[in-house]
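In what follows, chains are A, B, ... by sequence order, proteins preceding strands, each numbered from 1. For clarity, every value in this text was computed on a predicted model and none was experimentally measured. For the numbers below, each heavy atom of this structure counts, side chains included, while hydrogens, waters and symmetry mates do not.
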There are 2 protein chains.
Amino acid sequence: MPPRTTRRPSMADVARRVGVSTQTISRYYSGQGYVSEETRVRIAAVVDELGYVPNRAAGSLRARRTGTIGVLNVGELNWGSAQILSGLSAAARASGQALLIAEVDPDQGAEEWREHARAAVDHFLAAPVDAIIVSTAMQGSEEVFAAARERVPVVNLSARPRSEDPERPLPSSVGYDATRHLLELGHRRVAHLVGPRTRNEALDREAGYLRAMAEAGLEPQVLEGATDWWAPSGAAAADRLDSIDFTAVFAGNDELALGFMSRLEGRGLRAPEDYSIVGVDDMPTAAFFSPPLTTIAIDFAQIGKLALEAAVQAIETGEHRPLPIAEQPLRIRASTAPLRFGQPVGHTASTTS
Amino acid sequence: MPPRTTRRPSMADVARRVGVSTQTISRYYSGQGYVSEETRVRIAAVVDELGYVPNRAAGSLRARRTGTIGVLNVGELNWGSAQILSGLSAAARASGQALLIAEVDPDQGAEEWREHARAAVDHFLAAPVDAIIVSTAMQGSEEVFAAARERVPVVNLSARPRSEDPERPLPSSVGYDATRHLLELGHRRVAHLVGPRTRNEALDREAGYLRAMAEAGLEPQVLEGATDWWAPSGAAAADRLDSIDFTAVFAGNDELALGFMSRLEGRGLRAPEDYSIVGVDDMPTAAFFSPPLTTIAIDFAQIGKLALEAAVQAIETGEHRPLPIAEQPLRIRASTAPLRFGQPVGHTASTTS
DNA sequence: ATCACCTAAGTGATCGGTAACCTACGGCTG
DNA sequence: CAGCCGTAGGTTACCGATCACTTAGGTGAT
């Protein structure tokens with residue numbers, strides 16, 4: 001079929017058919033001003049008959065409000081960021097906003113990724129959008145978004161807590177809580193499988209871990225090797241270990257924990273008998289791992305909802321309020337257990353491939 | 001800060017400063033018509049200086065092309081649909097398109113969900129978008145999109161193969177291939193853990209399974225109980241079994257397989273010793289399940305790319321080509337093994353909770 | 001009786017671009 | 001040297017809504 005022949009109906013078409021001016025139709029949609037009940041009914045009938053849908057591009061041109069919010073996601077959509085997106089999109093629908101999305105691949109060089117982010121921001125500004133939500137941010141991204149802030153409000157979900165930051169997000173306690181759980185079970189040699197350092201969440205969780213360890217007067221042990229948030233990265237981190245001298249591990253997220261557990265099992269070590277492990281996210285699969293994974297359940301959908309509301313607020317009032325923190329309950333499952341004497345980990349240094 | 005005070009620069013601002021007409025700036029961006037190299041350089045300098053970004057809403061008004069494509073997703077973003085979205089967004093960036101997204105919750109009544117879908121489509125048409133991509137469709141959604149088709153091209157990624165369907169997607173062979181693998185291992189009592197019947201993918205896979213079983217002259221056995229694609233649904237399906245009389249299972253996706261395996265393990269049955277199981281998706285965690293899951297790897301990112309290209313083609317030429325099928329290799333891991341005599345499943349009917 | 005005010009609408013300008021058409025100049029060709 | 005074409009760019013109308021303002025009848029208070 002040739003590129004659409006019938007022109008889509010405009011507000012003028014509707015107005016003509018109802019026998020009023022376009023202004024009345026505009027009022028019908030905006031709710032501002034007076035439209036009699038009778039006229040309202042006749043408009044509704046014509047709208048339905050013609051299949052009229054107002055053209056947002058036209059409206060926003062004059063109104064200087066597009067009702068569109070840009071959502072920037074860094075890296076592939078994992079369970080968490082996908083959930084955030086779901087939360088955002090539910091809230092957006094509720095408040096009549098449209099969501100424009102862009103994804104930036106962080107696994108390039110630092111310069112390339114910054115260039116990508118800049119392009120994505122321009123993409124949003126071109127739309128144009130009323131606000132930008134940065135779903136997951138990378139370290140060093142602040143300057144890119146600072147430029148965008150001169151045009152539209154920017155809500156950064158994972159900006160690091162800094163006093164100069166306009167949003168001043170409260171520090172998340174995920175890393176601290178997870179580590180505390182392990183310490184309360186009696187573990188003393190608690191390691192942290194750190195997520196990709198380029199992401200702010202990974203840095204936050206590491207900071208929480210370090211704080212909990214310092215408070216307890218214990219030596220931290222950070223396991224490196226994760227280049228992204230997926231299970232193979234956790235496996236790679238496990239493969240790097242040639243000796244194992246911890247009795248508990250706090251993994252940056254559930255995926256990393258799974259990959260890590262899987263490789264340790266290959267070396268004859270199982271949780272919770274041989275070591276304890278706790279993750280973050282509580283993705284739906286985590287409860288079905290073997291063993292079921294103790295983890296911190298982050299209410300990502302709620303985060304998305306809060307972020308969208310914050311963006312709408314910023315659009316309407318220009319006021320940036322710090323994002324409240326969603327609930328983050330610890331879900332205790334079978335992967336963690338109290339430290340027992342004679343726990344093999346830390347004594348044997350098995351070296352299997 | 002008060003709601004932005006400085007007006008964003010317009011094309012006229014740039015033109016004035018360069019000393020040309022807006023038309024020349026327009027030509028600079030569109031590449032249509034002649035702009036001398038010298039002028040080009042001066043425009044670039046001013047654009048950079050003012051931080052000018054063309055307003056797509058304004059341009060599209062006259063050009064009747066918004067460069068925006070709507071992506072409708074049905075249900076929460078699971079691994080597959082998130083990957084499709086990633087593929088779409090990468091391809092969109094490459095071709096300069098913007099992606100508008102909306103999510104529709106299918107777990108309402110059939111009437112409610114149809115109403116939601118209609119609202120989402122209107123949302124897209126309001127933008128307006130140049131095309132709509134339906135990432136995962138539900139049964140019975142065709143009529144909703146048929147209405148949208150009168151306005152813009154609609155690419156439906158999971159429309160069921162029907163001769164009347166303008167896109168006539170080729171039937172996917174996922175269900176058939178997975179079942180064949182189990183049959184080739186010697187299994188005869190092969191069950192299918194069917195996905196949520198409301199989704200077309202679930203129906204397609206079931207059809208493939210039934211075809212393979214019929215070809216082999218075997219009695220099919222469909223395990224019901226999954227209301228979504230997540231692991232808890234797989235567990236629920238396992239909980240419904242009071243006797244187990246199969247030696248192999250083809251699960252609708254990896255998540256379902258995981259939930260199912262986890263519950264059977266609670267009943268003392270492990271793959272591949274006691275039964276074989278194969279999933280679909282090859283999500284990154286699947287290789288780290290215990291046992292690592294044999295599964296069909298769907299190249300979702302590729303699907304997204306193809307879909308976006310098809311949409312762009314339809315926009316430009318009005319021509320709907322059927323989507324080529326992405327590769328779907330079988331990844332053989334430890335969850336499937338040849339049928340052995342004396343395999344316990346099918347003999348014992350354990351009833352543990 | 002006059003005036004203020006509410007209800008219900010209409011008028012014309014305008015947002016920031018693009019389409020279509022037009023102008024001007026130089027070089028090459030017949 | 002007239003005619004034609006390629007290059008470089010300008011002019012004007014227009015896309016489809018919203019904004020700011022105006023009109024006009026009816027009602028209640030002074």
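The local environment of CZ in A:R17 is sparse, with at most 12 non-hydrogen atoms from other residues, nucleotides or ligands closer than 6.0 Å. Within 6.0 Å of CZ in B:R8 there are more than 12 heavy atoms belonging to other residues, nucleotides or ligands.
Atom OH in A:Y28 sits about 16 Å away from atom P in C:dA8, given to the nearest Å.
There is no side-chain donor-acceptor pair under 3.5 Å between B:R27 and B:Q32. Between the side chains of A:S89 and A:S86, no donor-acceptor pair of N or O atoms lies under 3.5 Å.
One distance of note links CG of A:N200 with CG of A:N156; it measures 7.0 Å at 0.5 Å rounding. The structure places CG of B:D105 at 7.0 Å from CZ of A:R93, a figure rounded to the nearest 0.5 Å.
Phosphate contact (OP1/OP2 of C:dT7, side-chain N/O of A:S36, threshold under 4.0 Å): absent. For D:dG9, the OP1/OP2 oxygens have a side-chain nitrogen or oxygen of B:T39 closer than 4.0 Å. Dashed line: the shortest gap from a side-chain N or O of B:Y34 to OP1 or OP2 of D:dA8 is not under 4.0 Å. Regarding contacts with the backbone of D:dT11, every side-chain N or O of B:S21 stays at 4.0 angstrom or more from both OP1 and OP2.
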So if I define the base as every atom that isn't primed, P, OP1 or OP2, how would nucleotides 14-23 of chain C read as a B/S/- string at a heavy-atom cutoff under 4.0 Å? BBBBBBB---

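Rounded to 10 degrees, the angle between the two end axes of the helix from C:dA1-D:dT30 to C:dG30-D:dC1 is 40°, with five pairs used at each end.
Smallest separation of non-hydrogen atoms from A:A127 and B:N55: O-OD1, 4.2 Å.
Side-chain contact between B:L85 and B:L77 is present, with heavy atoms from C-beta onward closer than 4.5 Å.
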